[in-house]
Q: 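Structure below; questions to follow.
Sequence lines set the chain letters: A, B, ... in the order given, protein chains first and strands last, and positions in each chain run from 1.
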2 protein chains.
Amino acid sequence: MKRAKKKVFADFMSQKGLKSTKQRDIILDCFLSSDRHLSIEELYLKLRSKHPNIGYATVYRTLKLFAEAGIAREMQFGDGQTRYEHVSEGEHHDHLVCTRCGHIEEFENETIEKLQDEVANSRGFLIERHRLEIYGLCANCRK
Amino acid sequence: MKRAKKKVFADFMSQKGLKSTKQRDIILDCFLSSDRHLSIEELYLKLRSKHPNIGYATVYRTLKLFAEAGIAREMQFGDGQTRYEHVSEGEHHDHLVCTRCGHIEEFENETIEKLQDEVANSRGFLIERHRLEIYGLCANCRK
DNA sequence: AATGTCAATGAATGTCACTTTCATGATGGC
DNA sequence: GCCATCATGAAAGTGACATTCATTGACATT
């Protein structure tokens, strides 16, 4: 899966006439071996420990590239930081966010999606995308 | 209803030992007679036309007060601006957001809420709140 | 190997939307 | 009216991006 995404990114880059560089490889490796929901800042700090002279701007631009290439997706959870999550081919999911420990879980629910379509249709609304987030305490933090 | 909210706010203020001022009255009036989803900037500009020397910081602080008093609620729709919506006693609703004209519609769906509860329960998650936003084209912009 | 070409990099700077500070100005209780 | 507080608004500060630009580096050409 890590290998598959590397290929997707490599293909995207060559198709766009963009170059493969040390930094981009390092950032991709680090991203793929990280949490599913990572902010630019977090990834930047994680990288700095091993590669002290990689720039914030490079991390920022490279994550944008990942998003364009379809291997990452930008997310806002309302804490003022953009997070990037891994994307697997065509999937969609929503989130359970723990307000105590920050833990993020994913879920899918076909019925909810269907009901959303109904709501949108009844208003003449054409859906492009949606976001559903449930905030609360995760099982661990309830103890 | 406008009158009721003014009372709620007046009660909140006196209970907190805060003062009633010209500015706060003006801002409350303007807020109550506005769109249901207004950014600080929008409200500030609207106010400036009639009250040129009211400060941005005052609008900002007063909206926070409205939120504390429970007559407004902070919302993020991912455009980088915080919006404040009117709150009516105990109600909850979700949003349809037009990505073209910025129009925001509200909706409620009991079944979706119930399904969310089920999802949360199955993960041992204790819900505090949730947000559901559907982004797309409104009926008008589809034409 | 030296040079040319051009995208990539990263330190520095800019931008935007708040958020706080602080010197002044209002308010409400006596 | 007096005064301890609170409120105001101009200005400065903050945090998280987003852009600039001089330099670097990778490959192609001489």
Q: So if I take every side-chain heavy atom of A:Ala57 and compare against D:dT19, D:dG9, D:dG25, which nucleotide ends up nearest?
A: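 Between D:dT19, D:dG9, D:dG25, the one nearest the side chain of A:Ala57 would be D:dT19.
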
Q: If you measure from the Lys or Arg side-chain nitrogens to the Asp or Glu carboxylate oxygens, is any gap between A:Glu74 and A:Arg83 under 4.0 Å?
A: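 No salt bridge links A:Glu74 with A:Arg83.
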
Q: For D:dG9, what is the paired nucleotide under Watson-Crick or G-U wobble rules, both distances under 3.5 Å?
A: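 Its partner is C:dC22.
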
Q: Round to a whole Å and report the spacing from CZ of B:Arg24 to C1' of C:dT27.
A: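 Going from CZ in B:Arg24 over to C1' in C:dT27 covers 11 Å.
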
Q: Please tell me which of B:Arg61 and B:Thr21 maps to the more 5' nucleotide of DNA chain C, matching each residue to the nucleotide holding its nearest heavy atom.
A: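 Nearest nucleotide further toward 5': that of B:Arg61.
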
Q: If you compare all heavy atoms of B:Glu41 against all heavy atoms of B:Gln81, which two are closest, and at what distance to 0.1 Å?
A: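 Of all heavy-atom pairs spanning B:Glu41 and B:Gln81, the closest is CB-NE2, 3.7 Å.
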
Q: Heavy atoms under 4.0 Å, any strand shown: does B:Ser39 hit a base, just sugar-phosphate, or nothing?
A: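 B:Ser39: no heavy atom of the nucleic acid under 4.0 Å.
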
Q: With ring-ring contact (aromatic ring centres under 6.0 Å, His included) as the criterion, how do A:Tyr84 and A:His37 come out once you've worked through the C-alpha distance, each side chain's angles and the decisive distance to 0.1 Å?
A: CA-CA 6 Å; A:Tyr84 285 83; A:His37 303 88; over 10 Å; no

Q: Report the distance from atom CG of B:Asp25 to atom C1' of D:dA7, rounded to the nearest whole Å.
A: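 Result: 13 Å.
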
Q: What integer distance in Å separates B:Lys16:NZ from D:dA7:C1'?
A: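 Between C1' of D:dA7 and NZ of B:Lys16: 16 Å.
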
Q: If you only use heavy atoms from C-beta on, which nucleotide in D:dT8, C:dC18, D:dT19 is closest to the side chain of B:Gln81?
A: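 Closest of the options to the side chain of B:Gln81: C:dC18.
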
Q: Choosing from D:dC6, C:dA17, C:dA8, which nucleotide comes nearest the side chain of B:Tyr56?
A: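 Shortest atom-to-atom distance from the side chain points to C:dA17.
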
Q: Taking only the side-chain heavy atoms of B:Thr82 (C-beta and beyond), determine which of D:dG9, C:dC18, C:dA8 contains the nearest atom.
A: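 Of D:dG9, C:dC18, C:dA8, C:dC18 is nearest to the side chain of B:Thr82.
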
Q: Would you kindly compare B:Glu74 and A:Gly55 by the position of their nearest DNA chain C nucleotide and give the one closer to the 5′ end?
A: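 With B:Glu74 and A:Gly55 compared, the 5'-side residue is A:Gly55.
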
Q: Do the side-chain N or O atoms of A:Gln23 get closer than 4.0 angstrom to the phosphate oxygens (OP1, OP2) of C:dG10?
A: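 For A:Gln23, the contact criterion (side-chain N or O under 4.0 Å from OP1 or OP2 of C:dG10) is met.
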
Q: If you look at every strand shown and take non-hydrogen atoms under 4.0 Å, does B:Lys64 touch a base, only sugar-phosphate, or nothing?
A: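 The residue B:Lys64 makes sugar-phosphate contact but no base contact.
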
Q: How long is the line joining CG of B:Asn53 and P of D:dG9, in whole Å?
A: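 Result: 7 Å.
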
Q: How close or far is atom C1' of D:dA16 from atom OH of A:Tyr60, stated in whole angstroms?
A: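 Roughly 10 Å, once rounded to whole Å.
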
Q: Could you tell me how far apart B:Arg48 (CZ) and D:dG9 (P) are, to the nearest whole angstrom?
A: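 Nearest whole value for this atom pair: 9 Å.
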
Q: Tell me whether A:Asp25 is salt-bridged to A:Lys6, with the criterion being a basic N under 4.0 Å from an acidic carboxylate O.
A: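 Not counted as a salt bridge, because no side-chain N and carboxylate O are separated by less than 4.0 Å.
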
Q: B:Ile54 side chain: which of D:dG9, D:dA7, C:dT9 is closest?
A: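 Nearest listed nucleotide: D:dG9.
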
Q: Can you tell me how far P of D:dA26 sits from NZ of A:Lys22, to the nearest Å?
A: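 It works out to 5 Å between those atoms.
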
Q: Give the rounded distance in Å between these two atoms: CE of B:Met13 and P of D:dT5.
A: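 Taking atom P of D:dT5 as the reference, CE of B:Met13 is at 18 Å.
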
Q: What pair of heavy atoms forms the shortest contact from B:Leu137 to B:Cys98, and how long is it?
A: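 Here B:Leu137 and B:Cys98 meet closest at CA-SG, 4.0 Å.
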
